[in-house]
K.L.:
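Got a structure for you, written out below as structure tokens; questions coming shortly.
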Amino acid sequence: METSIILPEHVIEDILLRLPVKHLLPWKSVSKYFYALIRDEHFAKKHYHFQYAMHLVDHGDVPLLLDTPSDHHVSAEFHLVSAHGGRDVIVNITPDFERDIPPVIVLEGELYNQCMRCIGLVNGIVCLLWGRGRLALWNPATREFKGVPRWPIMPDDKDAEKLSPSILGFGFDVQSNDFKILGIIRTINRNALESDCIYEFHVYSLKANSWKMIKDIPRTYLAFDLAFTDSYFNNGVHYWPASELPYIPRNGIVSFNFSSETFKEFEPPVAAVPVETRCRLKVGKYKEGLALLVNRTSENEETCFEIWAATEFRDDNEVPSCWQLVVNVPPIYSYNTLNVCSIIGCGDLLLHICVHDDDDDDDDDDEEWGDVRFADSGAYLYNLSTRTFKYFGFRFNSSFRYVESLFPLSRRLL
């Protein structure tokens, strides 16, 4: 006599949370229950956070998705680098474009995946930008696209010189489970000062599939540093270094809450950004918390890197009230441009090193950092404990932590 065992729904859900996306998608065909569960946005959110936590437990951090520079001759390409420093796979967007018929992303009647870059990555969804303000959302795990409508205030090309549009950030509204994009438009009068510009902030909502203008704007800091790296956090807040007008060295931080759609402003710790030194400030993550990446150059051109972690926050859990120096890389000297792009939990720094040609010294074209000679520009991994480097063999524009997700967009291709 055959017997059937029916598991409680909470047990089934607990099992499915442990499966990767590629193993979950076929379950949609098993029954209406599984189809509805896997398509449910609340289950997708729980699945993503469970998978993210598993990466932290198993590897100490999650993989990084790096996009390589593209132009009219080179297609967009993404490299997935594991948390332990190994290069895993190349995520090529071209096959997904070719499978997407009719196409969501087109330019002048043709598929267009060149001159494209990743400007944000939240909950496994990639925000892509190319051309003049053209945007799309992409889920690499489900191979699904969503074209973002152009801003209604964008002018025709003949009036384009009057406006300066920029995408500031990509985030997730944790209250309404909605993906949002924040953009800014500056109306510029060529005969006026920069401080006389008119600033407008617009937010795109995936659920509404539309843009709207918000009234809340930062009062002082308007020169955002658009460094494309991890500066969005799970509390729904995005952070940027910013400068006070007129342009002076970076001296503040601005945050934007994607749920309340409001800005806040605060100062970095004085010890991290002293006035008398030249600093380049970035916002990033250190052990899943808010951190400042400080690139400081002295008068004799020595460069050191410091990482300051926020240890306490105010009651709103958005503005830090206390900072701690957690990483200090000793000073180095180099004619190269070295930028810290991300902090990996296992004790590595992701660097982008640009090797400059020195025409005055043909016999020694390579630059040095200690015992290391740099012959090529691109992505390097620097281990803080062993002070050793690993070269990945490619350049990149941005770096974001990436874990596959089930979050639905407009069209599923699998």
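What's counted below: heavy atoms across the whole structure, side chains too, no hydrogens, waters or symmetry copies.
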K.L.:
Please tell me if the side chains of K180 and D178 come closer than 4.5 Å, counting only heavy atoms from C-beta onward.
P.N.:
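SC-SC contact between K180 and D178 confirmed.
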K.L.:
For residues F179 and I125, report the shortest heavy-atom separation together with the two atoms involved.
P.N.:
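For F179 and I125, the tightest heavy-atom pair comes out as CZ-CG1, 3.4 Å.
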K.L.:
Could you go through I167 and L135, starting from their C-alpha distance and side-chain angles, then the distance that decides it, and tell me whether this counts as side chain to side chain contact (heavy atoms under 4.5 Å, CB included)?
P.N.:
CA-CA 9 Å; I167 302 300; L135 294 163; 3.7 Å; yes
K.L.:
For E200 and H202, which I'm curious about, is there any donor-acceptor pair between the side chains at under 3.5 Å?
P.N.:
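Indeed, the side chains of E200 and H202 share at least one donor-acceptor pair under 3.5 Å.
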K.L.:
So L350 and Y380, side chain to side chain contact (heavy atoms under 4.5 Å, CB included) or not? Walk me through it.
P.N.:
CA-CA 6 Å; L350 176 66; Y380 286 83; over 6 Å; no
K.L.:
Does F407 offer a backbone N or O that forms a donor-acceptor pair with the side chain of N139 under 3.5 Å?
P.N.:
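At least one qualifying donor-acceptor pair exists.
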K.L.:
Under 4.5 Å between any side-chain heavy atoms of R39 and P408, yes or no?
P.N.:
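A side-chain contact under 4.5 Å exists here.
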K.L.:
Testing the basics here: between N209 and P149, what is the closest heavy-atom pair and its distance to 0.1 Å?
P.N.:
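Heavy atoms of N209 and P149 come nearest at OD1-CD, 3.3 Å.
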K.L.:
Under the side chain to side chain contact (heavy atoms under 4.5 Å, CB included) rule, what do W323 and T311 come out as? Steps first, then yes or no, please.
P.N.:
CA-CA 6 Å; W323 298 85; T311 56; 5.9 Å; no
K.L.:
Of the non-hydrogen atoms in L64 and L66, which two are nearest, and what is the gap between them?
P.N.:
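Distance-wise, the nearest heavy atoms are CB-CD1, 3.6 Å.
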K.L.:
Please examine the side chains of V254 and K264, heavy atoms only from C-beta on, and report whether any two atoms are closer than 4.5 Å.
P.N.:
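Sidechains of V254 and K264: no contact.
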K.L.:
Donor-acceptor check, side chain of S405 to backbone of N123, threshold 3.5 angstrom: yes or no?
P.N.:
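Answer holds: yes.
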K.L.:
Are side-chain heavy atoms of L128 and R117 found at a separation under 4.5 Å?
P.N.:
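Not touching, per the 4.5 Å side-chain cut-off.
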K.L.:
For the pair Y239 and F266, name the ring-plane relationship: parallel under 30°, tilted 30 to 60°, perpendicular over 60°.
P.N.:
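The arrangement is perpendicular - the two ring planes meet at more than 60°.
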K.L.:
Is a donor on one side and an acceptor on the other found under 3.5 Å between the side chain of S398 and the backbone of C118?
P.N.:
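At least one qualifying donor-acceptor pair exists.
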K.L.:
Looking at E404, E288, H47, which one forms a side-chain hydrogen bond (donor to acceptor under 3.5 Å, both in side chains) with Y52?
P.N.:
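Exactly one candidate clears the test, E288.
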K.L.:
Quick check on the 6.0 Å ring-centre criterion: do F172 and Y232 meet it?
P.N.:
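No, ring centres 6.0 Å or more apart.
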K.L.:
Should the pair K212-E261 be classified as a salt bridge under the 4.0 Å nitrogen-to-oxygen rule?
P.N.:
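Judged by the 4.0 Å cut-off on N to carboxylate O distance, K212 and E261 do form a salt bridge.
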K.L.:
Please enumerate all residues that pass side-chain hydrogen bond (donor to acceptor under 3.5 Å, both in side chains) together with S260, with sequence neighbours excluded.
P.N.:
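Listed in chain order: T262.
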K.L.:
Can you tell me how far CZ of F400 sits from CZ of F78, rounded to the nearest 0.5 angstrom?
P.N.:
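Rounded to the nearest 0.5 Å, the CZ-CZ separation comes to 10.0 Å.
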K.L.:
Report the residues that fulfil side-chain hydrogen bond (donor to acceptor under 3.5 Å, both in side chains) with S321, sequence neighbours left out, ordered by chain and then residue number.
P.N.:
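Testing S321 for side-chain hydrogen bond (donor to acceptor under 3.5 Å, both in side chains), a comparison that skips the adjacent residues, returns none.
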K.L.:
Kindly assign one of parallel, tilted or perpendicular to the pair W240 and F263, based on the angle between their ring planes and the thresholds 30° and 60°.
P.N.:
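W240 vs F263 ring planes: tilted.
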K.L.:
Hey, is the main chain of S176 close enough, under 3.5 Å, to the side chain of K207 for a donor-acceptor pair?
P.N.:
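Here the side-chain-to-backbone pair exists.
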K.L.:
Any non-hydrogen side-chain atom of L381 less than 4.5 Å from a side-chain atom of Y391?
P.N.:
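When only atoms from C-beta onward are counted, Y391 and L381 do not touch, as no gap falls below 4.5 Å.
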K.L.:
Side chains of L406 and Y48: closer than 4.5 Å at any heavy-atom pair?
P.N.:
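Contact flag for L406/Y48 side chains = no.
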K.L.:
For residues S259 and D173, report the shortest heavy-atom separation together with the two atoms involved.
P.N.:
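Residues S259 and D173, closest heavy atoms: OG-OD1, 2.6 Å.
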K.L.:
Less than 6.0 angstrom from the centroid, inside 45 degrees of the normal: does K285 satisfy that with respect to the ring of F233?
P.N.:
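The answer is yes; both the distance and angle limits are met.
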K.L.:
So how far is it from R18 CZ to M54 CE, rounded to the nearest 0.5 Å?
P.N.:
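Output value for this atom pair is 7.5 Å.
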K.L.:
Look up atom CG in L24 and atom CD in Q51, then write down how far apart they are to the nearest 0.5 Å.
P.N.:
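These two atoms lie 8.0 Å from each other.
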K.L.:
With a 4.5 Å limit on heavy-atom distance, are the side chains of L168 and F201 in contact?
P.N.:
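Yes, close enough: below the 4.5 Å cut-off.
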K.L.:
Please lay out, stage by stage, how V126 and L137 fare under the test side chain to side chain contact (heavy atoms under 4.5 Å, CB included).
P.N.:
CA-CA 6 Å; V126 179; L137 302 181; over 6 Å; no
K.L.:
So, taking the atom named CG in N328 and the one named CD in E306, what distance separates them when rounded to the nearest 0.5 Å?
P.N.:
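With rounding to 0.5 Å, CG (N328) is 5.0 Å from CD (E306).
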K.L.:
Please round to the nearest 0.5 Å and tell me the distance separating atom CG of L292 and atom CD1 of I307.
P.N.:
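Nearest 0.5 Å value for the CG-CD1 distance: 10.0 Å.
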K.L.:
Please check if atom NZ in K46 has more than 12 non-hydrogen atoms from other residues, nucleotides or ligands closer than 6.0 Å.
P.N.:
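No, because the 6.0 Å sphere around NZ of K46 holds 12 heavy atoms or fewer from other groups.
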K.L.:
Show the nearest heavy-atom pair for residues V81 and F392, with the distance to one decimal.
P.N.:
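The pair with the smallest heavy-atom distance is CG1-CZ, 3.6 Å.
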K.L.:
Is it true that H55 and D61 share a donor-acceptor pair across their side chains at a distance under 3.5 Å?
P.N.:
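The criterion, which ignores hydrogens and geometry beyond distance, is not satisfied for H55 and D61.
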K.L.:
Over 60° means perpendicular and under 30° means parallel, so classify the ring planes of W27 and F34, tilted if in between.
P.N.:
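Perpendicular: the ring planes of F34 and W27 meet at over 60°.
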K.L.:
Can N235 and E318 be counted as having a side-chain donor-acceptor contact under 3.5 angstrom?
P.N.:
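Short answer, no.
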K.L.:
Looking only at heavy atoms, what is the nearest atom pair of I119 and L129, with distance?
P.N.:
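Nearest heavy atoms, I119 then L129: CG2-CB, 3.7 Å.
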K.L.:
As an exercise, state the distance from CD of Q324 to CH2 of W308, rounded to the nearest 0.5 Å.
P.N.:
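So the CD of Q324 and the CH2 of W308 are separated by 9.0 Å.
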K.L.:
Judged by atom type as modelled, is there a donor-acceptor pair below 3.5 Å linking the side chain of E144 to the main-chain atoms of L409?
P.N.:
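Checking the backbone N and O of L409 against the side chain of E144, a donor-acceptor pair under 3.5 Å is found.
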K.L.:
I'd like to know whether the aromatic ring centres of F256 and F258 sit less than 6.0 Å apart in this structure.
P.N.:
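F256 vs F258: aromatic centres under 6.0 Å.
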K.L.:
Going by heavy atoms in the side chains, are S342 and R401 under 4.5 Å from each other?
P.N.:
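When only atoms from C-beta onward are counted, R401 and S342 do touch, with a gap below 4.5 Å.
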